[in-house]
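To find a chain, count down the sequence lines: A is the first, B the second, and so on, and within it residues start at 1.
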Amino acid sequence: MPVNTNPKIALIGNPNSGKSSLFNHLTGLNQKIGNFPGVTVDKKTGSCIMVEHVNAEIIDLPGTYSLYPKSQDEQVVFDILTNPKDKNYPDTIVVVVDASNLKRNLLLFTEIKDLGIPIVLAVNMLDIANRQGIEINIERLKAKLGVPVVSINARTGEGIEWLKVATLSTKVKQSEGFFKPTIFAKNVIAEIKDQLHISNAYVALLTAHLYDKMPHLSTDEKNAVKKITKQYDFESRNLQAKETIARYEYINTLIEDVIIQQPDFNIDTMSKKLDSILTHKVWGYVIFFATLFLMFQAIFAWASIPMEWIDLGIGKLNGFLMEVLPAGPLVSLLTEGLIAGLGGVLIFIPQIAILFAFIAILEESGYMARVMFIMDKLMRQFGLNGKSVVPLVSSVACAVPAIMATRNIDNWKERMITIFVTPLISCSARIPVYTVLIALIVPEQYVFGVFNMQGLALMGLYLVGFISAIVTAKIMQLILKSKDRSYFVMELPGYKVPRWKNVGLTIIEKVKTFVFEAGKVIVAISIVLWVLASYGPGDAMVKAENLAQSTAIQQQLTTQQTDKLIASNKLEASYAGTFGKFIEPAIAPLGFDWKIGIALITSFAAREVFIGTMATIYSIGADVENENTIIKRMKAEINPKTGGIMYTPALAMSLLIFYVFAMQCMSTLAVVYRETKSWTWPIAQLVYMTGLAYLSSWLVYQVLSTMY
Amino acid sequence: MNEIVKHKTIASLKIGESGVVSGFTDELMSLKLLEMGCLPGSKIELDSIAPLGCPICINVSGYRLAIRMEEAATVLID
């Protein structure tokens, strides 16, 4: 027999069946995260040495309950398995089932087996089943099913070598299908097989049901199937129901033969006890909010130390490069443009890593399902779903991974609303802007001796963001029309101790995605901004420098002061400065001048760029670290029109409100485009949020400036 | 089967009570619920109710499934 030295093996199973643990065991760090073409479901592949000279490509397909797709994840599985020409079409399938929940898990197995692809059944979590008094006779199961059955423990790796051997040797045996799809729609199947040249009867039946959802079929083929189903009065829903029931009837008789259930065992008493606390009407919410509090604490406090290291490291690297490399526009582009931009991406790694560590632990342990359970009704009032909790919570760190986390919301409308409102929740990039501006107008005093006024102001801004998200969701719920009905059918898995390897791999995966996806955009924008801020129209830049030089000589400035003055004057003369002046009339009603205008434009790439830009504009030079100096400079800034201070409470508040609402994040827009596959959503978001920011700022400024 | 005026559904169960599935009132919803193991003839027990009265958690086919009251009301029981 010729040995395929590079077989494609797909892992398939229900959610919570331990499929990902098995994938991590087989591939370790040899994983690649890609995208399935046309959809945004992550495609996880990895390589695994099965035996000597046989290096298999393992594809981890998203968790699915059946071949009839009901979510984006399930559609991916369906697309691949019903199209033998798909480049991900596997040579062999490993179906992973949870032994403690064998009955429901076997439904998918029986469907997949009928596809006529070589198959192996991996029975996972036998230890948990045993603890629940369930015993499974693997040998008898193997004999009954007629396929290799291997018992594995995906947590410890037990049985995985056997699984590899079984996977390489399994073959399709003819006429052993136990469910006969032909009994329901004999003629339809025969016609479709004939006209579309499909050899497998079950694929033909699936085509009759779901031809509209099969992108690989041509319009002619779809029309042909439509005609056939009409001709024979093919009742899709009725037959689907009959098929599922028939499969379960088969599974029930099978299970009676292979399972011994100890009657006196209680099903998972441990999970029941935990549930009585974690979904309790008081303690459930207390524990959830305590968890959130701990998470925010971790994201804001613990992450700040490694973030400082990264910041210092990038600064040192830049300093080093500027010293060793000859000065010139290319070096300046590399250091001030590229590396500085890269730094802006890398600095968020600690927060993203901590956030996803939390989310991975909450998901692995089974707690996240309980949060969705207790939050669903609340979220529904606002057109959201219990499953929207994860993205909304995540967006406090960063909207980019938060939007990626909306994928498991099945309902289109609820998913779109969640994506739309997520960027309104204040993310960590707003923190530097908030802190500097708050320090300008809020005194560092204590209320009742315990509450820091500045801290309260910060909390108030978060609250404003949160309320705007909820209100926007409610409005969208009324506007958006959807044929899809909202439903919430979700397994509550038993609690498990998280597997640290899975948590670790999730962190690596998410950080990688963030760095590469968001990184591309941020780096590109920072290069463009650098060019705009470094060059000006005609000889404006040269003139600006000469003027600064002569001023410096007149005022007898030190070299350092001269350099700062030059930088400041050149910025004003640059394209960015010109543009700032150009938009000044538009932002004047909000109290902003051209300098803030530049900062608004530059911080469109990423909000935190605001501080860096302000620092450059107010010619503080490289001493960006010390925000106090920026605050002092901004406090001292005089408004040339009024002669009074520039940063009045009215202006600072107006600017703060602008930053709460405005969509100033290229990466978010890019990820929304990627997730929705259309420019409609990112553009709608940009217009809505910018409009909201403009109007609110205008209102705040107009009202406050009459008061002070 | 007689047309009974008021059908009993999962939504009318009390915590700890159980019933046997006899049919569905919503075809589309039934497809998803069938796949999840809510089969005619299978026993369903109401395990718990979320603090705000919805969703509910049922024991079915040996595991626990959370569904909303609206979905529960489409499953007829005896």
Side-chain angles (χ1 to χ4, degrees), chain A residues 16 65-68 70 98 100-105 107-108 111 132 134 236-238 240-245 247-249 251-252 255 259 261 267-268 271-272 275-276 279-285 369-370 372-378 380 386 410 485-494, chain B residues 1 9-11 13-78:
Chain A
N16 308 309
Y65 288 108
S66 106
L67 275 180
Y68 291 93
K70 294 186 179 55
D98 169 1
S100 64
N101 192 354
L102 197 59
K103 187 172 160 186
R104 202 205 58 222
N105 276 253
L107 175 72
L108 179 69
E111 289 178 349
Q132 295 176 13
I134 300 166
S236 181
R237 285 186 190 172
N238 185 14
Q240 258 188 64
K242 276 189 177 160
E243 183 190 328
T244 307
I245 292 169
R247 286 185 187 279
Y248 270 118
E249 272 167 10
I251 293 166
N252 279 338
I255 277 184
I259 284 192
Q261 166 85 59
I267 299 173
D268 208 359
S271 286
K272 272 198 107 155
D275 269 345
S276 64
T279 65
H280 185 266
K281 60 178 185 271
V282 178
W283 298 121
Y285 295 100
R370 274 69 186 184
M372 295 170 186
F373 183 65
I374 62 170
M375 294 298 285
D376 182 63
K377 190 164 186 197
L378 216 59
R380 269 167 80 200
D410 313 309
R485 53 190 285 184
S486 162
Y487 67 85
F488 185 86
V489 175
M490 188 187 68
E491 180 181 356
L492 285 182
Chain B
M1 202 172 77
T9 68
I10 294 183
L13 286 175
K14 290 191 183 72
I15 290 180
E17 271 184 358
S18 57
V20 174
V21 178
S22 60
F24 300 93
T25 61
D26 182 314
E27 203 177 23
L28 197 63
M29 203 60 240
S30 75
L31 294 178
K32 175 74 186 170
L33 292 169
L34 283 171
E35 277 174 5
M36 300 304 284
C38 297
L39 300 153
S42 64
K43 192 184 138 195
I44 285 181
E45 184 195 346
L46 181 62
D47 182 277
S48 58
I49 300 173
L52 301 170
C54 179
I56 61 169
C57 171
I58 56 174
N59 282 324
V60 58
S61 291
Y63 77 104
R64 302 196 306 149
L65 183 69
I67 57 175
R68 286 179 183 161
M69 279 308 232
E70 291 144 59
E71 283 114 48
T74 69
V75 186
L76 304 172
I77 48 168
D78 284 336

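- Within the 4.5 angstrom heavy-atom criterion, atoms from both the backbone and the side chain of B:L65 approach chain A.
- Taking CG of B:N59 as the start and NZ of A:K272 as the end, the distance is 5.5 Å to the nearest 0.5 Å.
- Using a 4.5 Å cut-off between heavy atoms, B:I56 contacts chain A through its backbone alone, with no side-chain atom that close.
- Heavy atoms only, all atoms of each residue included: A:R237 and B:L31 are closest at O-CD2, 3.6 Å.
- Between atom CZ of residue A:F373 and atom CG of residue B:L52 there is a gap of 10.5 Å, rounded to the nearest 0.5 Å.
- Of the two parts of A:S100, only the backbone, made up of N, CA, C and O, holds a non-hydrogen atom closer than 4.5 Å to a non-hydrogen atom of chain B.
- Neither the backbone nor the side chain of A:L108 has a heavy atom closer than 4.5 Å to any heavy atom of chain B.
- The backbone N or O of B:E35 sits less than 3.5 Å from a side-chain atom of A:Y248, completing a donor-acceptor pair.
- Most heavy-atom pairs under 4.5 Å with chain B: of the set A:L378, A:I251, A:V489, this distinction falls to A:V489.
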Exercise for review: Please assess B:M36 against A:L107 for the test side chain to side chain contact (heavy atoms under 4.5 Å, CB included), listing each intermediate value before the final yes or no.
Suggested key: CA-CA 9 Å; B:M36 300 304 284; A:L107 175 72; over 6 Å; no
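- For chain A, the nearby part of B:I49 is the backbone; its heavy atoms alone come within less than 4.5 Å.
- Residue B:R68 holds its CZ atom at 11.0 Å from NZ of A:K377, rounded to the nearest 0.5 Å.
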Practice item. Check the pair B:K32 / A:Y65 against side chain to side chain contact (heavy atoms under 4.5 Å, CB included), numbers first and verdict last. Key: CA-CA 9 Å; B:K32 175 74 186 170; A:Y65 288 108; 3.9 Å; yes
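- In this structure, A:L492 CG and B:S48 OG are separated by 7.5 Å, a value rounded to the nearest 0.5 Å.
- With contacts defined as side-chain heavy-atom distances shorter than 4.5 Å, the pair B:P55/A:M490 does not qualify.
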Practice item. Please assess A:Q240 against B:L34 for the test side chain to side chain contact (heavy atoms under 4.5 Å, CB included), listing each intermediate value before the final yes or no. Key: CA-CA 10 Å; A:Q240 258 188 64; B:L34 283 171; over 6 Å; no
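- When each of A:K103, A:R104, A:M375 is checked for heavy-atom pairs under 4.5 Å with chain B, A:R104 comes out on top.
- Among the candidates A:D98, A:N252, A:D275, A:V282, the residue making the largest number of heavy-atom pairs closer than 4.5 Å to chain B is A:D275.
- The contact between A:Y285 and chain B is made entirely by side chain atoms (from C-beta outward), counting heavy-atom distances below 4.5 Å.
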